[in-house]
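First up is the structure itself, then whatever we jot down about it.
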Amino acid sequence: MTVESLQGEVRALAREREAVILAHNYQLPEVQDVADFVGDSLGLSRQAAQSEGRTIVFCGVHFMAETAKILSPDKTVLIPDLEAGCSLADSIDVDELLAWKARYPEAVVVSYVNTSAAIKAESDYCCTSGNVRAVIDSIPAEKEILFLPDLYLGLWAERVSGRKLHLWLGECHVHAGIRPGDIERVLAEEPGAELLVHPECGCASQAMAFAGEQTHILSTEGMLDFARSSRHDRFRVATEVGILHRLHGELPGKRFEPVNPNAVCRFMKMITLEKLRDSLREWQYEVTVEEEIAARARKAIERMVATG
Ligand code: 13P
Ligand code: SF4
């Protein structure tokens, strides 16, 4: 079966089932192309909260589908592969968070959206890379903050907010693999190119030293917005390579190359067109969140969706 006929089947099933297909910027190109909305974590959360269909099929990783379910408890949320997890979200469990909170009982907990629903339920605020600064700025200056789970995003948040945070030492294996040496190499190789860096990258601290000149630290959607309005036409991109599909598709006159072509998230790539078709056809796999956990997590997620 060709890609086009599979895509036709997916669209027909989505219509029949009144389902909205949401896809993250790191999804396979053929999955992005069949989605109703493609975006970053913040944009997808907002779409999930607003979408009109009775069903959301989430082409992304599990914590994203959980977030959609928490924001839309009356809708059915499906994920085409339940194994699509996230190594960063797995870097902290609830017992570890409770022990950390016990050491800083007065502190406010800010969790990156890349966390399980159970972690969000123990958090005061959630944020994404798109609004982390705005979320931190909204917290009274005298409050101590526990920031989790991504160390590199936390270091960047400290820098842009000017506040000292307590940081969890988690990392995303894909972004941590984009190293400080990569920044130096790219700047030397292509001095005229603009460098777009996701704050989860292991090179983000290094990139901060150049930030504002030709280096820009941005969420995935922030990269698209930046490139769209930039007068430059050559960019090197430090994040998961899936974003290149949208950058090339939406800005065909500009050139984008990955800083590290091996930055591939195997969890994101577990969602294939076949699995998406089967998900709609067989009504699988339904994502559920215990109501007691969802109610607590919702407060932190709603603050995230409303901020920035
Ligand atoms: P954003 O899409 O919010 O930039 O996040 C990237 C990411 O790693 C999601 O897993
Ligand atoms: Fe998680 Fe990293 Fe994959 Fe994003 S790229 S889903 S943070 S493992």
Side-chain angles (χ1 to χ4, degrees), residues 22-28 31-32 35 37-48 58-68 79-92 110-116 119-120 126-135 148-154 156-157 160 168-179 196-204 207 216-227 237-247 258-271 301 304-305 307-308:
L22 303 184
H24 189 266
N25 287 325
Y26 298 159
Q27 288 291 290
L28 291 166
V31 172
Q32 292 190 31
F37 181 85
V38 186
D40 68 355
S41 309
L42 187 60
L44 293 173
S45 301
R46 288 185 171 142
Q47 281 296 322
F58 211 109
C59 299
V61 293
H62 194 262
F63 73 80
M64 296 180 175
E66 263 186 349
T67 306
I79 187 164
D81 189 332
L82 272 175
E83 298 294 308
C86 168
S87 59
L88 176 57
D90 288 344
S91 70
I92 184 163
V110 179
S111 290
Y112 191 30
V113 68
N114 296 43
T115 43
S116 66
I119 293 288
K120 291 184 175 83
C126 279
C127 69
T128 71
S129 54
N131 70 356
V132 56
R133 183 186 180 168
V135 168
L148 65 111
D150 191 73
L151 169 65
Y152 299 107
L153 179 69
W156 180 67
V160 292
W168 190 256
L169 302 185
E171 61 178 32
C172 153
H173 69 289
V174 179
H175 286 91
I178 304 177
R179 304 303 311 159
L196 311 180
V197 179
H198 195 278
E200 282 178 29
C201 288
C203 65
H216 311 277
I217 303 178
L218 299 158
S219 72
T220 53
E221 201 64 29
M223 291 181 182
L224 274 138
D225 293 341
F226 181 88
V237 182
T239 192
E240 210 274 354
V241 296
I243 188 68
L244 292 162
H245 179 62
R246 266 190 81 197
L247 287 165
V259 166
N260 181 346
N262 300 320
V264 178
C265 175
R266 67 183 179 86
F267 301 111
M268 284 283 179
K269 293 343 186 209
M270 284 179 180
I271 311 294
I301 297 171
M304 169 185 91
V305 173
T307 308

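Here the structure is a predicted model, which is why all the values come from computation and not from measurement. Counting starts at 1 for both ligands and their atoms, in listed order. Numbering of residues begins at 1 and proceeds along the displayed sequence.
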Number the atoms of ligand 1 from 1 as they appear, then name those within less than 4.0 Å of a heavy atom of [X], with their elements.
X	result
Asp40	1 (P), 2 (O), 3 (O)
Ser219	4 (O)
Ser129	1 (P), 3 (O), 4 (O)
Met64	9 (C), 10 (O)
Tyr112	5 (O)

Determine whether [X] and [Y] make a side-chain contact, defined as any pair of heavy atoms from C-beta on separated by less than 4.5 Å.
X	Y	value
Met64	Ile79	no
Tyr112	Leu88	yes
Phe58	Leu44	yes
Met223	Thr239	yes
Val264	Val174	no

*Please could you name the atoms of ligand 2 that Ser87 approaches to less than 4.0 Å, counting only its heavy atoms?*
8 (S)

Measure the [atom1]-[atom2] distance between [X] and [Y] for me, rounded to the nearest 0.5 Å.
X	Y	atom1	atom2	result
Ser41	Met304	OG	CE	7.5 Å
Phe37	His24	CZ	NE2	10.5 Å
Cys86	His62	SG	NE2	12.0 Å
Leu151	Cys172	CG	SG	12.5 Å
Glu83	Phe267	CD	CZ	9.5 Å
Leu42	Gln47	CG	CD	11.0 Å

*Decide whether the shortest distance between a heavy atom of Glu200 and an atom of ligand 2 is less than 4.0 Å.*
yes

*Could a heavy atom of His173 be found less than 4.0 Å from some atom of ligand 2?*
yes

*Out of Leu88, Asn114, Val61, who gets a non-hydrogen atom closest to atom 4 (Fe) of ligand 2?*
Asn114

*Evaluate the criterion side chain to side chain contact (heavy atoms under 4.5 Å, CB included) for residue pair Ile92 and Ile119; output intermediate values, then yes/no.*
CA-CA 8 Å; Ile92 184 163; Ile119 293 288; 4.1 Å; yes

Shortest protein heavy-atom distance from [atom], along with the residue and atom involved:
atom	value
atom 3 (O) of ligand 1	Ser41 OG, 2.9 Å
atom 10 (O) of ligand 1	Asn114 ND2, 3.1 Å
atom 2 (Fe) of ligand 2	Cys172 SG, 2.3 Å
atom 1 (Fe) of ligand 2	Cys86 SG, 2.4 Å
atom 2 (O) of ligand 1	His24 NE2, 2.6 Å

Using distance alone, determine whether [X] and ligand 1 share an N or O pair under 3.5 Å.
X	result
His198	yes
Glu200	yes
Asn25	no
Thr128	no

_I'd like to know: is atom 3 (Fe) of ligand 2 within the 2.8 Å range of an N/O/S atom from Cys265, strictly under that distance?_
yes

